[in-house]
Structure formats: C-alpha cells, structure tokens
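The structure appears below as structure tokens.
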Amino acid sequence: MMDNKQQEDVKVRIQAYRTIVEEYERLDNEIDTLITRNGGQSKNMSSDDLDLYRQLARKRRDILNEMRLLERDLLDE
C-alpha cells in the first residue's frame, strides 16, 4: 500500500501524462489540418508547409516517446 507521499507522486505523474497526451493530440490535429489544407498529401506542400510539417512531426514523435516513458513508469507502480 502506498503512503500519502507516494500517492501524491503518482497523482503528479498522472497529471503530467495527461498534459503530454493533450499536447500530442494538439500536434496531431495541427498536422492533420496542415495535410488536409494541402490536398491530403505532403507532396502537395509548399517548402514552408513541408518544413512546418516536419517540425510538427518531430515534436509529435518526441512527445510520443515521452508518453511511452511515463506510461511504463506508471505501469511499474
């Protein structure tokens, strides 16, 4: 059984996870909007849009990796 400090730590990590999930979803929606605006394909993008797409995709990938680490940490509890 967890003591109060451990329970509070888990709550903080769960909130951090939720925040990260929201950021992932925001980035994913931004990428979807960008792709839709360009006819559904990255090959139709201007160089500026393509640069933005790549930047957003990298951020999304990094957030996904962070989500996975937090998931693993929380599941190990």
Side-chain angles (χ1 to χ4, degrees):
M1 186 144 176
M2 287 190 251
D3 63 26
N4 287 341
K5 186 176 187 297
Q6 290 170 319
Q7 288 176 352
E8 190 59 34
D9 182 54
V10 169
K11 286 179 186 177
V12 167
R13 287 186 283 154
I14 289 171
Q15 184 55 48
Y17 179 77
R18 287 180 178 150
T19 300
I20 289 170
V21 169
E22 289 171 1
E23 177 66 8
Y24 178 88
E25 290 172 349
R26 185 192 67 74
L27 288 167
D28 197 53
N29 286 333
E30 198 169 340
I31 289 169
D32 287 347
T33 299
L34 185 60
I35 290 172
T36 300
R37 191 172 68 217
N38 285 280
Q41 297 181 13
S42 60
K43 71 179 183 178
N44 296 334
M45 293 182 184
S46 68
S47 61
D48 287 342
D49 279 352
L50 193 55
D51 287 343
L52 178 58
Y53 171 75
R54 289 177 177 147
Q55 178 185 18
L56 293 170
R58 279 191 297 273
K59 285 182 183 178
R60 184 180 62 178
R61 182 201 60 218
D62 292 344
I63 292 288
L64 180 60
N65 288 336
E66 195 172 340
M67 282 171 49
R68 288 178 177 158
L69 290 172
L70 274 172
E71 286 171 356
R72 191 174 312 135
D73 184 45
L74 287 166
L75 290 173
D76 286 345
E77 280 296 315

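When a residue number appears, it is its place in the shown sequence, counting from 1.
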Would you sort out whether Q7 and N4 count as a side chain to side chain contact (heavy atoms under 4.5 Å, CB included), showing the intermediate values?
CA-CA 5 Å; Q7 288 176 352; N4 287 341; 3.7 Å; yes

Carboxylate-amine/guanidinium contact D9 R13, below 4.0 Å:
yes

Atom OG1 in T36, atom CD1 in I31: separation rounded to 0.5 Å?
11.5 Å

Main-chain N/O of T19 paired with E22 side-chain donor or acceptor, under 3.5 Å
no

I63 side, atom CD1; L27 side, atom CG - distance, nearest 0.5 Å:
6.5 Å

Contacts of type side-chain hydrogen bond (donor to acceptor under 3.5 Å, both in side chains), residue K43, not counting sequence neighbours
Q41

Listed by chain and number, what are the side-chain hydrogen bond (donor to acceptor under 3.5 Å, both in side chains) partners of E30, not counting sequence neighbours?
R26

Counterpart residues, side-chain hydrogen bond (donor to acceptor under 3.5 Å, both in side chains), relative to Y17 (two or more places apart):
E71

Could you measure the distance from the CG atom of L75 to the CG atom of L70? Nearest 0.5 Å is fine.
10.5 Å

Spacing of R72 atom CZ and L69 atom CG [to the nearest 0.5 Å]:
5.5 Å

Say you draw a straight line from CG of L56 to CG of D32; how long is it, rounded to the nearest 0.5 Å?
11.0 Å

Per the salt bridge (Lys or Arg N to Asp or Glu O under 4.0 Å) rule, what does the pair list look like for residues 57-70, sequence neighbours excluded?
D28-R60

Applying salt bridge (Lys or Arg N to Asp or Glu O under 4.0 Å), which residue pairs with at least one partner in residues 44-53 are found, sequence neighbours left out?
R37-D49

Restricting to side chain to side chain contact (heavy atoms under 4.5 Å, CB included), what partner residues turn up for L50, sequence neighbours left out?
S42, M45, Y53, R54

